[in-house]
Amino acid sequence: MRKMVALTLAAVFVLCFVSCGKKEETEPMVSMYDLRVMMLAADETLPEMKSVSSSDEDAESLFGYLSDVDYSKVEGYFLSYAAEGDSYEIAVVAMRNAGDVPAMKESVEKHVAGRIELYRNYKPEQVPRAEEASVTVSGRYVALVMCDRADAVLEAFKKGIK
Amino acid sequence: MKKTIIICSIILAVLICAGVAASVVFGVAAMRNSYDVRKKVLLLTDRVDDFIGKYGGEDVARENDVTIAEEYVIKSTESISDAYKSGETDGLSDKEKETLDMASGILDGIIEDGMDDYEKEIAVYEWMTANLENDGGMFTVIPTTQTDCDNPYGVLKYHNAVCVGYATTFRLFMQMLDIPCMVVHNSELYHSWDLVNLGDGWYHTDVYSDVGSGSFAHFNLTDDMMAEQSWNRDYFPAADSYEYCYLYREAVETDDIYEIPAALRELVDGERDMAAFVFKGGLSNSDAALVEEMLSTLSSLVENNSSSDGYSSLRWNWAAAGEDYLLSVNFVTETWEDPDLPDDIDEGDRKKMKRSIVDAFGDLYEIDMEDDDWYGGSSYYYGSYDYSWDGQMVIPTEEEYEALTDAYRYNLVNGDRPVAEEQLRNIRIARWYGTFGGMQVLMFDGFDVTDAEREETVAGSTLRFSDGRDIVVTDGTNFFSLGKAYGLGLLDERQIGMIAEIQNNGYYVEVDQ
């Protein structure tokens, strides 16, 4: 009996070690609305912006204008863009799985490249700002920042996701 | 008992070692995954071209069923043009029939008997550039373009189009008139225009780029003239003929470059929108450099003196036409790459060039040979604005700032009672000042005014002190509001407008203290 108890305790003890080796990302997603408000407020030079998000009824089809990644891999997002079509754009996507972040980052970069090409053909004065756009990854979040005060907006992003 | 304990200890030790080993393996894997995704901020500037090359749309060797700007599809309209020519409309959908009716009605109104293909093409081009508008909704991330803005149905019904709409509508008209025409798309799949064949060869026509101006800047161009774009030249035919190239046909043969300013006076007077010059046999580099400087100077003059509803500036384009050189000048056009020109210009030539400008524009802009201020244009940049001052911008020192503050605070008189000092407390010195027509213009930044008296009348004008920026004009003794200065004729409308714009947009020179 005592042997069995000892062996059982030892096995449990070993299992505890194993379970410490890998930590799952279990932090809840931050509010996309709050994050959007924070980030947009960080740049007071932004023009009139329109926004869509994962809260919208047709969120999945609207997401397609930002990325071609399978929407089922996305936990939440918001996309804010200039109402008049100028090169101002702020977006954050929260992935369900951190392993899908690189693919999302790549698709957002592809989106930016497309915007640059559009401006190059029709609104060349918008190209410089678009070329300075940054795509930032933090944990399972991918952020696109295209505006004049990108540093401030990125700072707000980092604070907002903590 | 002792043996049992030893056995259990060995088993326990083995299990513990296995557990630790497993933890290390899983932990390293987790750290590596974390490191991969926690990357630093990535700037795209260096990667844009690579990225476009890697992920941009793949160009296709076909004319139709091509998607432009990821949204708009080039579709064939041959069924409509065939129905127009045959008179048989049974195979058309209701939408196609309506398109045919609209297009036929337009052609009936603009095409006359006896017109050749070139004249017909001009008639269509002029109608489209005068009656259609660019759909700006294509630029938003989530497009808000009108339905059918990319095909003739929507274009002709709503008069609203994106480039694909212009190109397919123009092609429809050409095909209805039995003039061969193709819709070309650029290699990046972000723009489209037309190639039209007038019998002797193909020409590029980009109606979208000329809408609103009708300047013919993108009408019947050769491949060289369309060099700002790239397209599949293996698939689309070459455009290397000049017979119907609009610029070439309309250009005035010019032997004397000093005649150019006089010719351009017609543009400024509004008698026409575009002027073109052809230099037979080409142009020497020194003459080309002189013409460049001439046009830059004229462009500055035009910009500095343009009225609110007038022309913005001169735009000019160089193009090679065989051994000849073409120069087109207009007010709405895109600038092509200029030739690589030498920096040295003979002073005698420069003087002669100045004389030619003074002879042509001296009465209009009050310029003469003695005064150098107008020559070459003087510009100061504030933020993203380009302002030209007819005087000189002065950055005051700290002492000068203090002196100006005192002058304003204590000398705000002109026969009337002085402004009470307590109304002027906490005035910060002008953040910038400059001169306009001999008047100093000061912009004060920050007032602390009493609530009771926010206005004070001085010298018959009302100086409104507000928390923020305010403009005061002074001749060194008397101080006037901006409005009063204008009313007294101390500053003209253009100067008032420039100052107000700087004030409204908050751009001003920060003093380096």
Side-chain angles (χ1 to χ4, degrees), chain A residues 2-3 6-7 9-11 13-23 50 52 62 65-66 79-86 89 91 98-99 101-102 105-107 109-124 126 130-140 145 154, chain B residues 4-5 7-9 11-13 15-30 33-34 36-45 47-57 69-70 134 136-144 162-163 186 188-191 208 229 334 384:
Chain A
R2 280 185 289 179
K3 292 178 194 174
L7 279 172
L9 285 174
F13 186 56
V14 166
L15 283 172
C16 287
F17 272 110
V18 174
S19 69
C20 289
K22 182 176 179 183
K23 184 180 176 186
K50 291 187 175 180
V52 297
L62 293 171
Y65 287 101
L66 175 64
L79 165 62
S80 294
Y81 56 94
E84 296 299 317
D86 288 346
E89 204 171 328
V101 166
K105 182 170 87 70
E106 200 166 290
S107 77
E109 289 176 344
K110 177 183 172 185
H111 163 78
V112 174
R115 297 298 295 169
I116 291 171
E117 200 53 40
L118 183 75
Y119 291 132
R120 194 169 282 163
N121 276 273
Y122 299 104
K123 277 191 170 189
Q126 300 298 322
E131 286 182 335
E132 290 296 315
S134 65
V135 180
T136 304
V137 169
S138 183
R140 60 196 181 101
V145 177
L154 281 169
Chain B
T4 303
I5 291 172
I7 293 170
C8 288
S9 298
I11 293 172
L12 181 61
L15 288 172
I16 289 173
C17 287
V20 170
S23 295
V24 169
V25 169
F26 285 124
V28 167
N33 190 47
S34 175
D36 283 342
V37 299
R38 280 178 168 79
K39 295 240 170 126
K40 59 183 177 181
V41 172
L42 176 71
L43 291 177
L44 286 174
T45 305
R47 295 185 54 189
V48 161
D49 290 337
D50 290 342
F51 211 89
I52 288 174
K54 187 178 173 187
Y55 293 106
E70 301 175 6
N134 292 337
M138 70 179 286
F139 302 120
T140 52
V141 175
I142 298 176
T144 56
V162 295
C163 65
N186 67 0
E188 294 79 14
L189 299 178
Y190 271 90
H191 188 46
Y208 173 91
Q229 295 286 356
E334 293 186 11
S384 61

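Every value quoted in this text rests on a predicted model; they were computed, and no experiment measured them. Letters A, B, ... are given to chains in the order of the sequence lines, protein chains preceding strands, and every chain is numbered from 1.
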Between Tyr190(B) (side chain) and Gly114(A) (backbone), is there a donor-acceptor pair under 3.5 Å? yes
side-chain contact (heavy atoms from CB on, under 4.5 Å) between Glu117(A) and Leu189(B), intermediate numbers included: CA-CA 9 Å; Glu117(A) 200 53 40; Leu189(B) 299 178; over 6 Å; no
Just do the side-chain contact (heavy atoms from CB on, under 4.5 Å) check on Leu118(A) and Glu70(B) with the steps written out, would you? CA-CA 10 Å; Leu118(A) 183 75; Glu70(B) 301 175 6; over 6 Å; no
Please check: side-chain N/O of Arg115(A) versus main-chain N/O of Phe139(B), any donor-acceptor pairing under 3.5 Å? yes
Would you give the length of the straight line joining atom CD1 of Ile116(A) to atom CD of Glu188(B), rounded to the nearest 0.5 angstrom? 13.0 Å
Report which part of Leu66(A) has an atom under 4.5 Å of a heavy atom belonging to chain B: side chain, backbone, both, or neither. neither
Sorted by chain and number, sequence neighbours left out, salt bridge (charged side-chain N to carboxylate O under 4.0 Å, His left out) with Lys123(A) holds for Asp86(A)
Would you name the heavy atoms of Val141(B) and Tyr65(A) that are closest together and state the gap between them? O-CD2, 3.7 Å
If one checks every heavy atom of Ile11(B) against chain A at 4.5 Å, the contacting part turns out to be side chain
Does Tyr208(B) have any ring-ring contact (aromatic ring centres under 6.0 Å, His included) partners at least two apart in sequence or in another chain, and if so, which? Tyr122(A), Tyr166(B), His191(B)
So how far is it from Lys50(A) NZ to Thr140(B) OG1, rounded to the nearest 0.5 Å? 6.5 Å
Atom group of Asn186(B) that falls short of 4.5 Å from chain A, counting heavy atoms: side chain
Interchain contact, Val145(A) with chain B, by part (heavy-atom threshold 4.5 Å): neither
Under a 4.5 Å heavy-atom cut-off, does chain B meet the side chain of Glu84(A), its backbone, both or neither? backbone
